[in-house]
Structures are given as structure tokens and as C-alpha cells.
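Residue numbering restarts at 1 for every chain, and letters A, B, ... go by the order of the sequence lines.
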Amino acid sequence: MAFPDWAYKAESSPGSRQIQLWHFILELLQKEEFHHVIAWQQGEYGEFVIKDPDEVARLWGRRKCKPQMNYDKLSRALRYYYNKRILHKTKGKRFTYKFNFSKLIVIHHPLKAEGPLVACHVQRGRDVTGMGTGRRGGR
DNA sequence: AACGGAACTG
DNA sequence: CAGTTCCGTT
């Protein structure tokens, strides 16, 4: 599955902010060595399956120095993404979620979308990724 | 398993 | 602000 490069840039900025869960997920998805743990679902674009929930949680807990992490907690964090419109659940399919790429791409290319005024869509108070527009209010 | 409120953390 | 922890409910 081909994926926009910006999506994998989590670690490429060393002294930057803390790793975001959706970013971490993308990171695992990108690497072959984790394909038995989490992988893209063939067919639906952006849909992925967590084949080993405990392992994904363990890895996430490791990254965040949160040894008590488990799938129950991790999935709660994923559920918060529903409202932020980063992810949604694929109902019926176990451990299966789907990314909202259209949304993510709009946030990363606010002006490329259509015209000069479209940027307002992103800036109306809710930056779903926290990386798109960065600091506001400075002026 | 999946959901979502609520309190809490850095 | 982006989760983490806990937990009652479906």
C-alpha cells in the first residue's frame, strides 16, 4: 500500500513533540517486520487489522514508557480518534479500523485543496492532528 | 469486543 | 491537548 511520505515522518524530527498514536500505527504498518502484528487490509484503502492486539499495545506502551498499556486502553485512545475524524471503526470486522486519509491530507495541504479561502476549514478551531497549522494565536 | 463518560496526567 | 486509567454498559 502506497502511503504519503509525510505520514511516516514521526521520528525524523528528533527534538520535536511526543509521538502520536495514529502516527505510531502508521509506522508499524509501514514495516514488514510487523506484518504479523498489524497489517493493511487488502481491498479497502486505509483499512487495517490488528492481528495481535496485545503485542501492538505492548509496543505502544514501550514507546510511551507506559508498561501498563494494554489493548483496552489503546483502543480507548483510538476511539477518541473517531470524533477527531482521523479513524473510524469497521463495524463487524474484529480489530479492524480505517484511516480517514482525505481528512489527513487536507490538513497537511490546506491550500492545495481548492483555493485561498479553503484554509479556513482547517483553522476553525479544531486541528485534528496537532501538526497541521501548529501554533495559532501568535500575533 | 466495542463503546464512551469521567477523572486525571505531563 | 493527546492520551492514560478505570470502569459501567451494550
Give the rounded distance in Å between these two atoms: [atom1] of [X] and [atom2] of [N].
X       : N     : atom1 : atom2 : value
A:Leu78 : C:dT4 : CG    : C1'   : 13 Å
A:Gln18 : C:dG3 : CD    : C1'   : 9 Å
A:Phe24 : C:dA2 : CZ    : P     : 18 Å
A:Lys93 : B:dA2 : NZ    : C1'   : 17 Å
A:Met69 : C:dC6 : CE    : C1'   : 12 Å
A:Gln20 : C:dT4 : CD    : P     : 11 Å
A:His88 : B:dA2 : NE2   : P     : 14 Å
A:Asn70 : C:dT4 : CG    : P     : 10 Å

task: For A:Lys64, enumerate each residue passing the salt bridge (charged side-chain N to carboxylate O under 4.0 Å, His left out) test, keeping only those at least two apart in sequence or located in another chain.
output: none

message: Does a side-chain N or O of A:Trp60 approach OP1 or OP2 of C:dT4 to a distance below 4.0 Å, or not?
response: yes

query: So, is A:Lys84 near the phosphate of C:dA2, with a side-chain N or O under 4.0 Å from OP1 or OP2?
result: yes

Taking only residues two or more places apart in sequence or in another chain, which ones pass side chain to side chain contact (heavy atoms under 4.5 Å, CB included) with [X]?
X       : result
A:Asp54 : A:Asp52
A:His35 : A:Glu32
A:Lys51 : A:Ala39

message: Run the ring-ring contact (aromatic ring centres under 6.0 Å, His included) test against A:Phe95 and tell me which residues pass, sequence neighbours left out.
response: A:Tyr71

query: Once each nucleotide of nucleotides 3-10 of chain B is scored for protein heavy atoms under 4.0 Å, what B/S/- sequence comes out, 5' to 3'?
result: BBBB----

- prompt: Is a donor on one side and an acceptor on the other found under 3.5 Å between the side chain of A:Lys89 and the backbone of A:Lys93?
  reply: yes

- request: Measure the acute angle between the ring planes of A:Tyr97 and A:Phe48, then classify it against the limits of 30° and 60° as parallel, tilted or perpendicular.
  value: parallel

message: What contact category does A:Leu21 fall into here, base, sugar-phosphate, or nothing, at under 4.0 angstrom with non-hydrogen atoms?
response: sugar-phosphate

